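Note that ligands are numbered from 1 as they come in the structure, with each ligand's atoms numbered from 1 the same way. Every value quoted in this text rests on a predicted model; they were computed, and no experiment measured them. In this chain, residues are counted from 1 in sequence order.
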Amino acid sequence: MGRAERGRTESLNRGRPTVSVTCIADGWAHRVPDIELTSEMSQSDGYYQAVCGHRVAAASMVEPDGRPCPLCTEMCRTTRS
Ligand SMILES: [Zn+2]
């Protein structure tokens, strides 16, 4: 996990439902907390904060899903309680 520059998402990463969002920048399908997807702040700049810390530039909904991000997959697995 990279440096936590945005502390506001720290508390969102545990036990939250997530949605798979493919990033057009790296082609991975990241897990984004669904609260991020419904946040007006996130929608305004087009980026979402994935659970791995990656800033996801959301691909078009018609794009096929990319390969699952291993970091996101790992974090979702290990934080499931
Ligand atoms: Zn990821």
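- The shortest side-chain heavy-atom distance between His54 and Asp26 falls under the 4.5 Å cut-off.
- Distance check for Cys72 against the Zn ion (ligand 1): an N/O/S atom falls below 2.8 Å.
- Without hydrogens or angle criteria, Gln49 side chain to Arg55 main chain gives no donor-acceptor distance under 3.5 Å.
- His30 contributes atom ND1 as its closest N/O/S atom to the Zn ion (ligand 1).
- Hydrophobic clustering (ILVMFWY, side-chain heavy atoms < 4.5 Å, transitive): Trp28 and Leu71 are in distinct clusters.
- Residue Cys23 does not count as close to the Zn ion (ligand 1), with no N, O or S atom under 2.8 Å.
- Nearest heavy-atom pair across Cys72 and His30 is SG-ND1, 3.6 Å.
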